[in-house]
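Report on one structure; see the data block that follows.
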Number of protein chains: 2
Amino acid sequence: MPQQMKTSADLRVHNQTRLLRLVHDADEPLTRAGAARLLGIGRNTAAALVGELEAAGLLHEVPAETTGRGRPTTLLLAHPDGPVAFAADIREDSWTLARIELGGRLTELETGEHDRTPMVFDEIRGATRRHATDRLASLGIAIAGPVRDGRRLHISHLGWDDVDLGEHIGDEWPTVVDNDGRLAGLAEARRGALRGTGTALHFHIDFDIGGTLLLGGDSQRGANNIAGEFGHMPLTGSSLRCMCGVQGCWSLDVGANALLRRFGQNPGYGAGRARGREILARAEAGEPEACRAVDDNATALGRGLGALANALDPEAVTLSGLGIDLIRLRRGLIEQACAEALMRFRRADPPRILAGTVGEIGPLRGAAEIAFDTILSPGWLRTRLQAGPSM
Amino acid sequence: MPQQMKTSADLRVHNQTRLLRLVHDADEPLTRAGAARLLGIGRNTAAALVGELEAAGLLHEVPAETTGRGRPTTLLLAHPDGPVAFAADIREDSWTLARIELGGRLTELETGEHDRTPMVFDEIRGATRRHATDRLASLGIAIAGPVRDGRRLHISHLGWDDVDLGEHIGDEWPTVVDNDGRLAGLAEARRGALRGTGTALHFHIDFDIGGTLLLGGDSQRGANNIAGEFGHMPLTGSSLRCMCGVQGCWSLDVGANALLRRFGQNPGYGAGRARGREILARAEAGEPEACRAVDDNATALGRGLGALANALDPEAVTLSGLGIDLIRLRRGLIEQACAEALMRFRRADPPRILAGTVGEIGPLRGAAEIAFDTILSPGWLRTRLQAGPSM
DNA sequence: CGCTTTAAGTTCGAGGCGAGAACAAAATGC
DNA sequence: GCATTTTGTTCTCGCCTCGAACTTAAAGCG
């Protein structure tokens, strides 16, 4: 249990956590007075909270420009020596490492290629070591496969069958690993088109579909951290057998693999992605067969979204990857198919279907968020406040 | 926003809320010393918290029987003049009203029949008025249809199309209305087979399937409180059109309607339920055609469960209604079909499929839980502590 | 039977927290 | 140049939980 709040000391840490979260989540730098108003606390209390956080090297106050009458206040910024998180995104044959500070400013540090073995984790550890300072507090990693219990990886197309990440992660830094589609959704919920939604869904459409249910800005993880394989539900009546071992998966009809199959090409990875995009381009240019392939893709997408909306009642649905192109090219078809799959009484108020706004950086951003979730927790903060800025 | 905790006064209310929740959720009456240990607070603090709660008429301390060495302590019981919740379950043509006190003790008060119009809410209000004392603090109502935003009802088989409950509910008592399947699931999560699970699913199988996703003991409600129509996802490849307006719904293959259709009978309500049970009985007696119908039902059930498990990764799944019979008669078939619909890497660790243990009283129990959730909230408690027991 | 042990209850002082009031300070605007 | 507005600062107050010390009430045991 995450240390239930009980004492007045817990209360202070709790309020400081709320304050830091507010600063981290804000679009624009907050003023101290503004933050106090948002938290509903007095100016005196805010001064005390911020003072301790500055002393602990977590916040930095700088004079704010005056905007009107009244005594000028200060802006709450990330402390120049404050904790930072590193985030890594492991794609098919490359990876990116970035540094994120409080407030979300992201700096790319290094990218590299990898040999499609779990050695990529050691590479990332090496890169982290190259860039790490004592400011590094937490490392988040996004990878394209289900991560059971946060440490056991299953990626069939890389031939990773139940790879235990324990030894690959090491213990130099607190490290969290999660699925890239889920993290992309988390990024939309925290800093993208799903901001402020209570219940939402996000789907990343690449060769197939991965997604996540977002509740109050957090992604639903399931009992074993392997929730989100929406693409492997039989939502479109396909009679094909999927690589996952199941018949009729939604992913057989949506995504690059579905486009490729239409043209007699094998489901693929690597170069297959370019061929998928080529089909989209041909459809955009008006080639009939490509158009029909994209039509079918969009229709199947919409049907699945409608079915899921019946069960989960999302306020909005965001898409990333190919989904962004499908929205651009076939919004009408998607919405129509979705409406037909919606129960009648829902059709007057369908979920909004939106293109994600975080972009390709989504998994990286999401990895940064889960890394910062470690930092913005009462437990971490309590330790830091006791240990001082040199922690 | 539910009144964020900020001050030390909030802290006390927070701890008192935790204490009351502990008492409400406990199987056996708790001792004061035991509760203090569970909450991780000192005996002195516990004495202060309990003292105030007793003075506010929320808890009652009685001497506990000594179990071993040491000074005897007291048992924390519901106060004889403490707040109670009423819960109502509206079934097809009848209703039940019950009284629930802190700790969960449930007393049936009255049952009646109704004319299948929204007037049933007025009847329930009348019955509530007959039994109400000033102890009544909250009323929870379970009903067999989606309740949009907690007040707009859609029940196609009763011809209720977007019925606004505002006027029917009145404002004599705080009243919450929700879907019966969801409430049955909540009952399993709070007091049944799903107790202690982090992520779970519950399905009530009657004529069709309704369900809910349970996260940390709470049911997921969706953006408009109409989540849970899992039965209206196309999980089994049916080509039939469902009454809900969608093609291929899972509910077309699972539940009493699917059994009836197999024997050329129309999907029904009322007497149809008995005919469905009769088919189950004939299958149990070994009649081949009935057996096949039940086999198909069980197989379709399992397939859907597997598909949903891929997406939501539940730790366990409970069933109520016909689901209990299907588990009893065809557990093997359900589990086999579920496994086949699970992605390969999940098959070694499938979700547990369990019969619900709360029984037919599930919706009523769940309605009691949401009614008590009102009472066991910091806001309500704060008011009560200020107003004294006469509130 | 009386002493020891155990587990609770009780009392009291210490330390911490946020609220609120009063005042000071720093900007704008007329 | 003075009133206005907004924020920072200081100080007191009430509230909370904790921990230590002590008391109380049972069981165990010789």
Side-chain angles (χ1 to χ4, degrees), chain A residues 3-20 22 29-56 59-76 378 381-382 385-386, chain B residues 3-20 22 29-56 59-76 378 381-382 385-386:
Chain A
Q3 176 93 20
Q4 182 67 50
M5 171 160 29
K6 283 162 11 191
T7 74
S8 38
D10 296 336
L11 190 58
R12 165 138 307 193
V13 174
H14 169 76
N15 279 333
Q16 285 174 323
T17 306
R18 288 207 300 149
L19 177 59
L20 285 177
L22 202 64
L30 287 172
T31 65
R32 194 175 80 181
R37 264 193 306 273
L38 288 172
L39 290 180
I41 61 179
R43 300 191 299 272
N44 48 357
T45 307
L49 298 182
V50 171
E52 283 183 20
L53 291 172
E54 171 114 41
L59 281 182
H60 186 51
E61 287 189 279
V62 300
E65 295 194 3
T66 63
T67 57
R69 284 188 175 187
R71 178 171 174 171
T73 178
T74 55
L75 246 31
L76 303 179
L381 189 54
R382 189 175 295 115
L385 289 166
Q386 283 164 6
Chain B
Q3 174 95 20
Q4 183 67 49
M5 172 161 28
K6 283 164 10 194
T7 75
S8 34
D10 295 336
L11 193 56
R12 166 143 301 193
V13 174
H14 168 76
N15 280 333
Q16 286 174 322
T17 306
R18 290 207 298 149
L19 177 59
L20 285 177
L22 202 63
L30 287 172
T31 64
R32 195 175 80 182
R37 265 193 305 273
L38 287 172
L39 292 178
I41 61 178
R43 300 191 298 273
N44 47 359
T45 307
L49 298 181
V50 171
E52 281 183 23
L53 292 172
E54 171 113 41
L59 281 182
H60 186 50
E61 287 189 279
V62 300
E65 295 195 4
T66 62
T67 58
R69 284 190 176 186
R71 179 171 174 171
T73 178
T74 55
L75 247 30
L76 303 178
L381 190 53
R382 189 175 294 114
L385 288 167
Q386 283 163 8

Test item: Glu54(B) side-chain N/O and Glu61(B) main-chain N/O as donor-acceptor pair under 3.5 Å: yes
Nearest-neighbour nucleotide for the Ser8(B) side chain, dG14(D), dT9(D), dA27(D) considered: dG14(D)
Test item: Leu11(A) and Asp10(B) side chains (from C-beta on) under 4.5 Å apart, heavy atoms: no
Spatial distance of atom CG (Leu76(A)) from atom CG (Leu19(A)) [nearest 0.5 Å]: 6.0 Å
Met5(B) CE to dC16(D) C1', straight-line distance once rounded to whole Å: 12 Å
Nearest-nucleotide pick for Ala33(A), side chain only, options being dG8(D), dG16(C), dT23(D): dG8(D)
Rounded distance in Å - CG (Leu385(A)) to C1' (dC17(C)): 14 Å
Leu39(B) vs Lys6(A) side-chain heavy atoms within contact, under 4.5 Å: no
Interatomic distance, Arg382(A) CZ vs dG16(C) C1' [rounded to whole Å]: 14 Å
Heavy-atom pair with the smallest gap, counting every atom of Ala64(A) and Pro72(A): O-CB, 4.3 Å
First encountered from the 5' end of DNA chain D, between Thr67(B) and Thr31(A): Thr31(A)
Arg37(B) CZ - dC18(D) C1' separation (whole Å): 18 Å
Considering all heavy atoms, the nearest Leu385(A)-Glu52(A) contact: CD2-O, 4.1 Å
Contact residues, residues 40-52 of chain B to DNA chain C [heavy atom, < 4.0 Å]: Arg43(B), Asn44(B)
Protein-nucleotide distance (Leu76(B), atom CG; dG9(C), atom C1'), rounded to Å: 14 Å
Integer-rounded Å distance: dA8(C) P and Glu65(B) CD: 16 Å
Arg69(A) side chain, from C-beta outward: closest of dG18(C), dT4(D), dG8(D): dT4(D)
Derivation of the side-chain contact (heavy atoms from CB on, under 4.5 Å) call for Leu49(B) and Ile41(B): CA-CA 10 Å; Leu49(B) 298 181; Ile41(B) 61 178; 3.7 Å; yes
Nearest-Å distance for atom pair NZ/P, residues Lys6(A) and dG15(C): 20 Å
Whichever of Pro72(A) and Leu11(A) has its nearest DNA chain C nucleotide further upstream toward 5': Leu11(A)
Nucleotide nearest Thr7(A) when distance is taken to its side chain, options dT17(D), dA26(C), dA19(C): dT17(D)
Whole-Å gap separating P (dA25(D)) and CZ (Arg32(B)): 14 Å
Arg71(A) vs Gly34(B), nearer the 5' end of DNA chain C by closest nucleotide: Gly34(B)
